[in-house]
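Bear in mind that the values here come from a model prediction, so they are computed numbers and not experimental data. In what follows, every chain begins at residue 1, and chains take the letters A, B, ... in the order their sequences are listed.
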Amino acid sequence: MSAVETKPLLQRPGTRLAIRYAIAIVLTVIFVFPIYWLFMISFKTPAEIFAFPPKWYASKLQFGNYVGLFKDGDAVSVLNSLILAGTSTVIAMVLGTMAAYSLVRFKTGGENLAVWIISQRMVPPIAIIFPVFLLYVFFGWVDTYHGLIILYTAFNLPYVIWMMRGYIEDIPLELEESALVDGWTRWQVLWRVVFPMARTGLFATAVFTFVFAWNDFIFALVLTRTEVITYTVQVTHYFGGQSNFWAKIAAMSVLGTLPVFVAVAFMQRYLVRGISMGAVKG
Amino acid sequence: MSDLKITRLHKRYGLVPAVRGIDLDVPSGEFTVLVGPSGCGKSTLLRMIAGLEEISEGTIEIGGRVVNHVRPRDRDIAMVFQNYALYPYMNVFENIAFGLRARKTPQDEIQKRVKRAAEMLAITGLLDRLPRQLSGGQRQRVAIGRAIVRNAKLFLFDEPLSNLDAQLRDEMRSEIKRLHQELGTTMIYVTHDQIEAMTLADRIVLLKDGLIEQAGTPLDLYERPATRFVAGFLGSPKMNFIPADYVRDGSGAAVKFADGTALALPRGPEGNRPVVFGIRPQHFSRDPGSLSGQAARVRATVELLQPTGSRAFITFPLGGKPIMAELASHDVQGPGESLDLYMDIGRAVLIDPETGRVL
C-alpha cells in the first residue's frame with residue numbers, strides 16, 4: 001500500500017505547466033511559421049522554392065533574390081515607403097501634438113471637438129478614394145511624394161490628436177505652470193515639459209502612425225503610377241497572370257518587414273512601459 | 001514701499017464669482033498668509049497674482065507696475081506648488097536650475113546659486129538624484145530651492161505643506177519661517193490650515209466667499225475677531241458659541257442663556273437684544289487668579305474628557321450647548337465630575353446673530 005497519496009495526473013502542478021507550455025509552443029509555431037517560411041523562400045533558389053516534398057530550409061544563404069531587386073531598381077519602393085511613412089509621421093506627430101495640447105489646455109472647440117476629430121478616423125479609405133483621386137488629378141498630385149504625405153498625414157492626424165490628448169491630460173498642470181512662472185514661454189514649455197513628460201506616448205503613437213502609413217496599400221495603389229511606388233504596391237507587381245515570382249515576392253516582403261521590426265525593437269520599452277511620475281506625490 | 005498692491009480685484013468663472021472685490025496692500029518684506037476654507041478664493045487670488053488666471057476686473061501691481069496683462073515669466077515672481085511640480089526626468093540640480101536656465105543665467109552663476117540654495121535647505125547631498133528617489137519632505141525642499149535661487153521680488157506659496165505628514169509639516173513650517181527671516185523677501189502664502197496661518201504670518205488675510213473677512217496680525221484676528229466666522233476659524237479647539245439674550249439695565253450688562261444661566265459682563269453695548277455669546281476654550285480656568293480679567297464662575301459637569309498631555313479638553317453643557325474648555329490635565333479627574341470653572345469674561349465676544357458681526 002502506498003503511503004503517498006497521489007493526485008490524478010492532470011491535476012499535478014507539473015503536468016499543468018507542461019500542458020500550458022505545449023499549447024504556447026504550438027500557437028507560437030503556427031503564428032511564426034509563415035514569417036519563417038517567407039524568410040526562407042527569400043533565400044532559396046527557384047529550384048528549391050518549387051521542390052517537392054518542400055525543403056524546410058534554404059540549403060545555403062544566397063542573396064541573389066535581393067541582389068535582383070536592387071539591380072532592377074525595385075528596392076527603391078522600400079525607400080519610397082520610408083520617405084512617405086517617415087515624413088507623414090513626423091508632420092502628423094508635430095501638428096497632432098500641438099492640436100492635442102490646445103484641446104487639453106485651452107479647451108479649444110469645447111468638449112466635443114475631440115470626438116468629432118476621432119470620428120474622421122473611422123472613414124473607410126475605400127469610401128473616399130475616388131473623390132480623392134479626382135481631386136488629386138485636378139491638382140496634379142497623383143504619383144507625387146507630397147500627395148501621399150498629405151493624405152497619410154490627414155489620415156493619421158485624428159489618431160495622433162486623440163492619443164496625445166490622453167497623454168497630455170495626464171501631465172500635471174502644475175508642471176507647466178511652474179515652468180511658466182519660472183520664465184519659460186508656452187512654446188518652450190511645450191518643448192521642455194510637455195514633450196519629455198509625454199515621451200512614452202509620443203513614441204508609442206509615432207510607431208502606430210508610422211505602421212499605418214507603411215502598411216497602406218489602397219491609397220498607394222490608386223494614387224501612384226511609376227514614380228512613387230511603395231513596397232506594398234511593388235509586391236503586387238510580382239503576381240503575374242501566368243506565374244508568380246515567389247522569390248521576388250518573398251525578398252520584397254522581407255525588405256518591407258525589416259524597418260517595422262527595427263522600429264518596434266527600438267521602441268519596445270516605450271510601447272510597453274509607462275513613464276514613472278516622480279514629480280507628483282507618489 | 002509695497003511690493004504688491006491689489007485694487008478691487010474680481011474673478012468670475014462664467015457667471016460664478018470666485019473673487020468679489022479684494023483690496024490688498026502688501027508691504028515689502030512682509031509674510032502674508034491668505035487663509036480660509038476651501039472655495040473661499042484664496043488660491044484663485046494667488047494664481048491671479050502669479051498670472052496663471054486671467055483677471056476679470058480690478059488691478060494687480062507688483063513693484064509699482066500694473067501687471068494685469070504681463071505674462072507670468074515677466075512678473076518677477078517665484079512660486080511653490082502644493083504638488084512640488086518637480087520634473088521627473090531632471091535631477092535635483094537641474095530642477096533647481098530650471099528657472100535660471102530660462103533666464104539665460106551664466107553657467108558659473110547657476111552653479112553658485114544652486115549650491116547656496118542647496119546649502120540653505122540642507123539638500124546638497126541630493127543634487128544628483130531624481131525626484132522619485134526623494135521623500136516628500138525632500139521634494140518640497142527642492143521645490144522651495146527652485147523658488148529661492150531666482151531672487152524674485154515676490155514669493156508665492158500655494159498650500160506647500162498640505163501633502164506632507166503632520167511631523168514633516170511642523171518641520172517645514174519652521175524651515176519656511178526661518179527662510180523668510182534670512183531672505184527678507186515678500187512672501188504670500190496660501191493655506192487652509194489656521195495653525196500654519198497663525199505661526200507663519202506677519203499678517204493674516206482671512207477670506208470667505210471671495211471677500212476679505214478680516215486682515216491683520218495673527219493676534220489681532222485671534223483676540224479681536226470682527227465676525228463670528230473669524231472667531232470660529234482661528235484657534236484650536238474652536239471658539240464656543242452659545243445663543244443668549246443680552247440685557248443692559250441699571251445694574252450693568254449681562255447675558256442670559258436658554259437654561260437660565262446668567263453671566264454679568266464687564267462692559268457691553270446699549271439696548272437689549274438676542275446675541276451669540278462666544279468664548280474660547282482657552283479662556284476657562286479652575287483658578288480665578290490665573291485669569292487676566294474679570295472672572296465669571298460657572299458650574300460644569302464633565303461629559304467628555306480628552307487629555308492631550310499637559311492639557312486636557314473637557315466638554316460640558318452650558319446654555320443648552322456642549323461647551324469645550326481647555327484645562328491643565330491635573331485639574332480634572334474624569335467624566336461625571338462636577339467642577340467650578342472660571343471664565344475670563346472680559347475676553348468673551350458678543351455677536352449679532354443676524355449679521356454675524358462682533359458687537
- Query: Roughly how far, to the nearest 0.5 Å, is OH of B:Y89 from CZ of A:R199?
  - Reply: 9.0 Å
- Point-to-point distance, once rounded to the nearest 0.5 Å, from CG of A:D182 to CZ of B:R103: 7.0 Å
- Exceeds 12 heavy-atom contacts within 6.0 angstrom, atom CZ of A:F208: no
- Query: For B:E109, does the CD atom have more than 12 heavy-atom neighbours from other residues, nucleotides or ligands under 6.0 Å away?
  - Reply: yes
- CZ-CD distance between B:R73 and A:Q188, expressed to the nearest 0.5 angstrom: 6.0 Å
- Which heavy atom of A:V181 sits nearest a heavy atom of B:I77, and at what distance? CG1-O, 3.7 Å
- Message: With a 6.0 Å cut-off (strictly less than), is the heavy-atom count around CD of B:Q107, excluding the residue itself, greater than 12?
- Response: yes
- Task: Let me know if B:F81 has heavy atoms under 4.5 Å from chain A in its side chain, its backbone, both or neither.
- Result: side chain
- Within 6.0 angstrom of B:E182 CD, more than 12 heavy atoms from elsewhere: yes
- Message: Just checking B:K115: does its NZ atom have more than 12 heavy atoms from other residues, nucleotides or ligands closer to it than 6.0 angstrom?
- Response: no
- Message: If I take atom CD from residue A:E177 and atom CE from residue B:M79, how far apart are they, to the nearest 0.5 angstrom?
- Response: 7.0 Å
- Message: Once rounded to the nearest 0.5 Å, what's the spacing between atom CG of B:N95 and atom OG of A:S178?
- Response: 8.5 Å
- Go through the atoms of B:R47 and report whether side chain, backbone, both or neither lie under 4.5 Å from a heavy atom of chain A. side chain
- Query: Just wondering, more than 12 heavy atoms not from B:R12 lying within 6.0 Å of its CZ?
  - Reply: yes
- Query: Do B:R101 and A:W184 touch side chain to side chain, with heavy atoms closer than 4.5 Å?
  - Reply: yes
- Query: What do you reckon, is CZ of A:F31 surrounded by more than 12 foreign heavy atoms closer than 6.0 Å?
  - Reply: no
- State whether the side chain of B:Y87 and the backbone N or O of A:L175 hold a donor-acceptor pair below 3.5 Å, judged by distance alone. yes
